[in-house]
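Since the structure comes first, as structure tokens, the remarks are kept for the end.
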Amino acid sequence: MAKNNKTAINPRRDEDYPIWYQEVIKAADMAENSDVRGCMVIKPWGYAIWENMQRELDDMFKETGHKNAYFPLFIPLSYLQKEADHVDGFATECAVVTHHKLTKNEEGTLVPDGELDEPLIVRPTSETIIGASFAKWVNSYRDLPVLINQWANVVRWERRTRLFLRTAEFLWQEGHTAHATKQEAVDETLKMLNVYRDFAEKILAVPVIIGEKSESERFPGAVSTYSIEAMMQDKKALQAGTSHFLGQKFAKAAGIKFQSKETKEEYAWTTSWGVSTRLIGALIMVHSDDNGLVLPPRIASSHVVFLPIYKTDEERETVLAYIDDVKTGIKAHGRYHERHLVIETDDRDLRGGEKNWEWIKKGVPLKVEVGMRDIEKNSLAVLRRDNPELKKEFINKDEFIASIHETLDDIQNNLFERAKAFREDNTKIIDDTKDFDAFFTPENKEKPEIHGGFAMSHWCGSAKCEEDLKELKITIRNIPLHGKPEEGKCINCGEDSSMRVVFAKSY
RNA sequence: CGGGCUGUAGCGCAGGGGUUUAGCGUACGUGUCUGGGGGACAUGGGGUCGGCGGUUCAAAUCCGCCCAGCCCGACCA
């Protein structure tokens, strides 16, 4: 059998990152483009990740007092219009429903018919329609706070789409809350931002920077927007989740009013926050390597795959029985972080090497080969996907069973630490304009190599400086919440600045 | 929405007005041998050449329009 030195994914990350990304998705069988422009089909291996995200997040939302509900897919056009900034932000990317039936024309082809009096838009986000409900639900300070989350699909008619990162239709959750006081709403906004950070770091093993968005990057209609920002392996930033303090703007637009203790009529203070299937894109781009997907165990579609190796039917029985035995042992060991371990046995009649590579490309954390030789030695041939050398280890069966949770945790931590080290290696404190320009300028302009990273530099706070820096194709990702106040000079204009912000190229 | 590149079998590609049935690699089916890192041999099946229209005796091939994908911009959660 020829030893093969080439990588499973072509091109490699350093050769062509965008194509590498698509190939990883294809090789892992996670999703594909559909016949509908900009929309994807999420296949079982990819969807399982989303289901796991949903379960983990849903628990966290419930623990912080939120309840799930569901609101309509369609939003009357007039609702969107109620909040001026909101309209400006979304009007250019709305799918609009104008008819309610189809009829056959003379040629026998189906054409839209029955024009609606008022067009409906397919929700790009639900502030306005949920606001309308809140307005009905809230009359007294006793009705507050209202803490609602919805799991839904939304549509944004994006010009340029990429699987998971930006699709015309995507899945997400959107939390919407209403509060009696400003402080309470601000606290909620930050609380959920922290929930997102915990989720990203603990479950996805993706380190993030939490911070506030600059005015130009703010959610349309928000008073302030906060984000979690992650660094991908091409050193670009990805906004992985947002939390918005909406002030009283949407409350005023929708009429969410209540009578206070002091019997005064007041507008509520609202928030909204969301994460989407874009997180799957983040997961791929943070952990995967030149051999395909690498999944952190806490979010993995499956945790362990057994590959039985045998020659005869008799051996097959023996091997499968041995595997069953190991499985039973693992199950008896209890749940992994309150989740049943998902264990597969791949007994398809495929050649060994091919089957091996398939699971490597799918990123399953532990791949275990079992053959007669292992059985004789009461051992297992285990491959940890986080091992870049792809070297398998022979481990005693009972030890494997006893330590499987620790092994999975070790993989989880390893992936997190690796991602964090990568981000730290590529985050620079830069005060000199020339250094700053050089940092963000590729050597090869025609086909830019992977370069840059996060620059922690001073910013005076003006929108003009932010605009000027777009020449370098960078934006302010966010203003870190826990940054130490520090006097300095704006990297663009040299004016006084009291804060360092995160500059980066982004998705 | 602008610029560039690309659409031929599941995937990757060749062919670039006429060569009787459109090829190659790989994947897929069957058989034998194999089997602990991407097998071997044999034998099969699979195609509206992205779509529509035009030029022509003849179009995968030339022309026009459209659609889709990717990259770069603009725009944007």
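Below, chain A is the first sequence line, B the second, and so on; all start at residue 1.
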Integer-rounded Å distance: [N] [atom2] and [X] [atom1]:
{"X": "A:Glu389", "N": "B:G37", "atom1": "CD", "atom2": "C1'", "value": "14 Å"}
{"X": "A:Arg159", "N": "B:C71", "atom1": "CZ", "atom2": "P", "value": "17 Å"}
{"X": "A:Ile25", "N": "B:C11", "atom1": "CD1", "atom2": "P", "value": "16 Å"}
{"X": "A:Trp157", "N": "B:C1", "atom1": "CH2", "atom2": "P", "value": "12 Å"}
{"X": "A:Ile360", "N": "B:G36", "atom1": "CD1", "atom2": "C1'", "value": "13 Å"}
{"X": "A:Glu358", "N": "B:G10", "atom1": "CD", "atom2": "P", "value": "19 Å"}
{"X": "A:Glu315", "N": "B:U34", "atom1": "CD", "atom2": "P", "value": "13 Å"}
{"X": "A:Tyr507", "N": "B:C75", "atom1": "OH", "atom2": "C1'", "value": "18 Å"}

Need one value for [X]: base, sugar-phosphate or nothing, where a base atom within 4.0 Å counts as base even if backbone is also close, heavy atoms only.
{"X": "A:Lys361", "answer": "base"}
{"X": "A:Asp349", "answer": "base"}
{"X": "A:Phe219", "answer": "nothing"}
{"X": "A:Glu369", "answer": "base"}
{"X": "A:Lys355", "answer": "nothing"}
{"X": "A:Pro124", "answer": "nothing"}
{"X": "A:Leu238", "answer": "nothing"}

Could [X] and [Y] be counted as a cation-pi pair, given that NZ or CZ must be under 6.0 Å from the ring centre and within 45° of the axis?
{"X": "A:Lys377", "Y": "A:Phe394", "result": "yes"}
{"X": "A:Lys26", "Y": "A:Tyr21", "result": "no"}
{"X": "A:Lys82", "Y": "A:Tyr79", "result": "yes"}

Inset, instruction - Please identify each residue that fulfils ring pair (Phe, Tyr, Trp, His ring centres under 6.0 Å) with A:His303, with sequence neighbours left out. - result: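 Here the qualifying residues are A:Tyr336.
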
Inset, instruction - Identify the heavy atoms of A:Phe170 and A:Ser276 that sit nearest to each other, and give their distance. - result: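 So the minimum-distance heavy-atom pair works out to CD1-CB, 3.6 Å.
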
Inset, instruction - Please name the pair of heavy atoms, one in A:Gly221 and one in A:Phe250, separated by the smallest distance, quoted to 0.1 Å. - result: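 Minimum heavy-atom contact is O-CE1, 3.5 Å.
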
Which nucleotide, [options], lies nearest any side-chain atom of [X]?
{"X": "A:Ile309", "options": "B:G37, B:C1, B:G36", "answer": "B:G36"}
{"X": "A:Asn356", "options": "B:G37, B:G36, B:C76", "answer": "B:G37"}
{"X": "A:Leu390", "options": "B:C76, B:C72, B:G37", "answer": "B:G37"}
{"X": "A:Lys311", "options": "B:C75, B:G35, B:G37", "answer": "B:G35"}

Considering only atom [atom1], compute the distance from [N] to [M] and round it to an integer number of Å.
{"N": "B:C28", "M": "B:G12", "atom1": "C1'", "value": "15 Å"}
{"N": "B:A60", "M": "B:G7", "atom1": "C1'", "value": "12 Å"}
{"N": "B:G47", "M": "B:A42", "atom1": "P", "value": "25 Å"}
{"N": "B:G53", "M": "B:A59", "atom1": "P", "value": "14 Å"}
{"N": "B:G46", "M": "B:A22", "atom1": "C1'", "value": "14 Å"}
{"N": "B:U8", "M": "B:G69", "atom1": "C1'", "value": "16 Å"}
{"N": "B:G15", "M": "B:G31", "atom1": "P", "value": "38 Å"}
{"N": "B:U20", "M": "B:C62", "atom1": "C1'", "value": "24 Å"}

Applying the Watson-Crick and G-U wobble criteria at under 3.5 Å, what pairs with [N]? Answer none if nothing qualifies.
{"N": "B:G2", "answer": "B:C72"}
{"N": "B:U61", "answer": "none"}
{"N": "B:C41", "answer": "B:G31"}
{"N": "B:G7", "answer": "B:C67"}
{"N": "B:U48", "answer": "none"}
{"N": "B:G23", "answer": "B:C13"}

Inset, instruction - Verify the distance criterion only: is there a donor paired with an acceptor across the side chains of A:Asn291 and A:Lys361 at less than 3.5 Å? - result: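 Absent: no donor and acceptor within the cut-off.
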
Legend entry - Positive for side-chain contact (heavy atoms from CB on, under 4.5 Å) with A:Pro76, one of A:Ile121, A:Thr128, A:Ile129: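 That would be A:Ile129.
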
Inset, instruction - Any chance you could measure A:Leu77, atom CG, to A:Thr98, atom OG1, to the nearest 0.5 Å? - result: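 If we round to the nearest 0.5 Å, A:Leu77:CG and A:Thr98:OG1 are 11.0 Å apart.
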
Inset, instruction - Supply the atom-to-atom distance A:Met30 CE to A:Ile42 CD1, rounded to the nearest 0.5 angstrom. - result: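 A:Met30 atom CE to A:Ile42 atom CD1 measures 9.5 Å (nearest 0.5 Å).
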
Legend entry - Upstream residue (5' side of RNA chain B) when A:Tyr310 and A:Asp88 are each assigned their closest nucleotide: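 The answer here is A:Tyr310.
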
Inset, instruction - Take A:Lys470 and A:Phe394, find for each the nucleotide of RNA chain B with the closest heavy atom, and name the residue whose nucleotide sits nearer the 5' end. - result: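 With A:Lys470 and A:Phe394 compared, the 5'-side residue is A:Phe394.
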
Inset, instruction - Kindly say if A:Lys26 contacts the phosphate of B:C11, meaning a side-chain N or O under 4.0 Å from OP1 or OP2. - result: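 A:Lys26 to B:C11 OP1/OP2: no side-chain N or O under 4.0 Å.
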
Legend entry - Passing option when A:Phe219 is tested against A:Phe90, A:Phe245, A:Trp273, A:Tyr226 for ring pair (Phe, Tyr, Trp, His ring centres under 6.0 Å):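 It is A:Phe90; the other options fail the test.
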
Inset, instruction - Classify every nucleotide of nucleotides 24-30 of chain B by which part a protein heavy atom approaches to under 4.0 Å, writing B for the base, S for the sugar-phosphate alone and - for neither, in 5'-to-3' order. - result: ----S--

Inset, instruction - Begin with the C-alpha distance, continue with both residues' side-chain angles, and end with the deciding distance and a verdict on side-chain contact (heavy atoms from CB on, under 4.5 Å) for A:Ile375 and A:Thr318. - result: CA-CA 9 Å; A:Ile375 296 175; A:Thr318 311; 4.1 Å; yes

Each nucleotide N or O in nucleotides 67-70 of chain B that has a protein N or O under 3.5 Å away: list the pair and distance.
from	atom 1	to	atom 2	distance (Å)
B:G69	OP1	A:Gly38	N	3.3
B:C70	O3'	A:Gln22	NE2	3.3

Inset, instruction - List the steps and the verdict of salt bridge (Lys or Arg N to Asp or Glu O under 4.0 Å) for A:Glu127 and A:Lys249. - result: CA-CA 11 Å; A:Glu127 274 75 8; A:Lys249 291 165 83 175; over 6 Å; no

